Amino acid sequence: MSSMEKTTSQGHTPGKASSEFFEKSEANIQSVDATSLLSDQHRDYLLQRHGTLDLDPIPSMDPADPYNWPLWKKVTNLGLVAFHACMGTFTAAAIIPAYEAISEDLGVTLQRVSYLTSLQIAILGGAPLFWKPLSHRFGRRPIFLLSLILSCVCNIGCAKSPDYASMAACRALVSFFLCPAMAIGSAVVTETFFRRERARYMGIWTVMVTLGVPVGPFIFGFVAQRVGYRWIYWVLAITNACQFFLYIFFGPETRYIGTEVQSGGSPFKREYLSFGRIDPTPFRFSEFVHPLSLFTNIPVLLASVAYAMVFLFASVLNSVEVPQLLQSKFGLNAEQLGLQFLGLIIGSLLGEQLGGFMSDMWMNARARRIGHKPAPEYRLWLSYIGYLLTIAGSVVFLVCTEQATEGTWTVVPVVGTGIAAFGNQVITTVLTTYAVDTYPQDAGSIGVFINFVRSTWGFIGPFWYVNVPWLRV
């Protein structure tokens, strides 16, 4: 419970002085030195390993505990997981520049071709409900490896599909198998990095999920134009295969439940060679729908809905409407169309600097001023910047596209998408980190829930975009 909630529940006005008083009281109670309860051996181990006892959470003395890994190992693993998460949205958006070519090859309308993307977005939202309980029982690493090898096979199926129905079926299977990292990524960050640095590394995961949407069309516009759209699927299959082998060597297990349960073998064996069940707890049906129970958790729900609305307009709308509006307005080919996504890419990368690294600086500066870690809600002040920039960027994109001269390309709409993407990425990292910080004991469910809400709205949006007058060409 935050300090404001405490003062309100006691019937007092939550003024600044009383708020800080209760924050400090709460911090003192919590810290009744957690470290004073540790054995001398444990304290010495932490000091030798981390150089400080100011750690949240406090790790065990086991080298296999991800909190005790060296930084390079943590970052390498996170890079693999973040790229895996990126591949979900990357694969869904990859065929956007090739809609026309697919339509001609398979003999279907452009509208039906667009369903190949909408179908994947819908499955990306719901399928993680299945994978999360499995990753809790068998670990993150086996699920990620299985995900990649099956995604590779299904992408090959897409490349060889002779008709629309078989391609749609293979695309659906790719989405189902590829989605775990999009949801479990928040749990991997929480299981690996300490609280004080969480936003910075959570931002790596979130920015990769965001970048998948514009980077897919940006890259594969060249592929579709130069060697044909079926090579999009071959490149995706090759990428999945490369990821699989990288995971084998550089992707250790982050699901750590203690040596008393996860016993047997050296740390190396437990991190890289354990493919059996690591948690003997029986499966329950409620676990598969548990993330949906977060609809009753008001802080997580509000953060998820707010983020989903921003993502819908700043990422999905801009990505879908770039080919719908700019291609027809300026007469662009697939290669030129892919370049229009550069604004979204640059804006997302720049926005992450504010949402991630500077967000941690913001929280750490507050902690130094008040003498203890601040409430998670203090991070939300930075989100206002994101809302304002998202609104401004979307307006610039749509208004300048409408006012542009037919057949004469101008960069201003692309600048608008970049501004909106900057705001979207600030919101993405700040609100995701806030949600995890308010309910860290169930970070995996939070990732699944946020992904479910975001993907549901992302799936619905394109169906009503075409009926909005100011989005018509």
Side-chain angles (χ1 to χ4, degrees), residues 34 37-39 41-42 45-46 55-69 73-74 77-78 80-81 84-85 126-150 176-194 244 247-294 297 300 436 439-449 451-452:
L37 303 177
L38 303 177
S39 66
Q41 183 183 9
H42 197 166
Y45 177 86
L46 295 180
L55 303 170
D56 182 15
I58 296 176
S60 68
M61 291 191 293
D62 187 358
D65 186 340
Y67 290 117
N68 290 325
W69 292 349
K73 186 175 180 178
K74 295 182 181 183
N77 179 70
L78 176 60
L80 291 174
V81 175
H84 192 169
L129 294 171
F130 170 80
W131 292 109
K132 181 197 170 251
L134 293 180
S135 75
H136 269 47
R137 297 302 187 279
F138 296 95
R140 320 301 188 196
R141 175 178 164 86
I143 296 301
F144 290 156
L145 290 172
L146 181 66
S147 161
L148 290 168
I149 197 65
L150 293 177
F176 179 82
F177 292 128
L178 196 55
C179 69
M182 288 187 64
I184 303 172
S186 61
V188 171
V189 174
T190 305
E191 292 164 349
T192 310
F193 295 96
F194 296 108
F244 177 82
Y247 259 119
I248 288 179
F249 296 106
F250 302 108
E253 179 57 59
T254 63
R255 172 79 168 134
Y256 179 80
I257 56 178
T259 52
E260 67 278 2
V261 178
Q262 196 173 355
S263 59
S266 65
F268 179 83
K269 180 180 178 181
R270 283 181 282 146
E271 291 174 18
Y272 293 95
L273 303 179
S274 177
F275 294 98
R277 187 161 176 164
I278 62 176
D279 186 343
T281 307
F283 282 105
R284 299 187 307 275
F285 174 76
S286 59
E287 290 182 82
F288 291 90
V289 295
H290 169 68
L292 301 182
S293 68
L294 290 172
N297 187 311
V300 174
V436 170
Y439 200 44
Q441 63 270 33
D442 206 1
S445 291
I446 288 176
V448 173
F449 180 74
N451 180 66
F452 176 80

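Predicted model only: the values in this text are computed from it and were never measured.
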Peer 1: For F130, give me all partners under ring-ring contact (aromatic ring centres under 6.0 Å, His included), at least two apart in sequence or on another chain.
Peer 2: F176

Peer 1: Using a 6.0 Å cut-off, check whether atom CZ of F250 has over 12 heavy atoms from anything other than its own residue.
Peer 2: no

Peer 1: For H42 versus P59, what's the shortest heavy-atom pair and its separation?
Peer 2: NE2-O, 2.8 Å

Peer 1: Could you tell me which non-hydrogen atom of I248 sits nearest to which non-hydrogen atom of Y272, and how far apart they are?
Peer 2: O-CD2, 3.9 Å

Peer 1: According to ring-ring contact (aromatic ring centres under 6.0 Å, His included), who are the partners of F452, at least two apart in sequence or on a separate chain?
Peer 2: none

Peer 1: Using a 3.5 Å distance criterion without hydrogens, assess whether the side chain of N68 forms a donor-acceptor pair with backbone atoms of D62.
Peer 2: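 Such a contact is found between N68 side chain and D62 backbone.
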
Peer 1: Heavy-atom distance under 4.5 Å between the side chains of P133 and F285, does that happen here?
Peer 2: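 Not touching, per the 4.5 Å side-chain cut-off.
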
Peer 1: Looking at residues at least two apart in the chain, or sitting in another chain, which of them share a side-chain contact (heavy atoms from CB on, under 4.5 Å) with H290?
Peer 2: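 Applying side-chain contact (heavy atoms from CB on, under 4.5 Å) to H290 gives K132, S293, D442, S445.
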
Peer 1: Going through the distances and angles, do E253 and R270 end up as a side-chain contact (heavy atoms from CB on, under 4.5 Å)?
Peer 2: CA-CA 8 Å; E253 179 57 59; R270 283 181 282 146; over 6 Å; no

Peer 1: Got a sec, which residues hit ring-ring contact (aromatic ring centres under 6.0 Å, His included) with F193, two or more places apart in sequence or on another chain?
Peer 2: Y201

Peer 1: So which heavy atom on S186 is nearest to which on G447, and how close?
Peer 2: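 Closest approach of S186 to G447, heavy atoms only: OG-CA, 3.2 Å.
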
Peer 1: Going by the rule ring-ring contact (aromatic ring centres under 6.0 Å, His included), which residues pair with Y67 if we only count those two or more places apart in sequence or in a different chain?
Peer 2: F194

Peer 1: Do W131 and L146 have side chains that get closer than 4.5 Å, going by heavy atoms?
Peer 2: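 The answer is yes, as the side chains (C-beta and beyond) meet within the 4.5 Å cut-off.
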
Peer 1: What salt bridge (charged side-chain N to carboxylate O under 4.0 Å, His left out) pairs are there with at least one residue in residues 178-190, not counting sequence neighbours?
Peer 2: none

Peer 1: Could you tell me whether the side chain of T254 reaches within less than 4.5 Å of the side chain of W69, counting heavy atoms only?
Peer 2: yes

Peer 1: Is there a side-chain contact (heavy atoms from CB on, under 4.5 Å) between Y439 and L294? Walk through the geometry before answering.
Peer 2: CA-CA 10 Å; Y439 200 44; L294 290 172; 3.7 Å; yes

Peer 1: State, to 0.1 Å, how close F283 and E287 come at their nearest heavy-atom pair, and which atoms those are.
Peer 2: CA-OE2, 3.5 Å

Peer 1: With a 4.5 Å cut-off on side-chain heavy atoms, are L145 and F275 touching?
Peer 2: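 Counting from C-beta outward, F275 and L145 do come under 4.5 Å.
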
Peer 1: For the residue pair V81 and G185, what are the closest heavy atoms and their distance?
Peer 2: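 Smallest interatomic distance, heavy atoms only, reads CG1-CA, 4.1 Å.
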
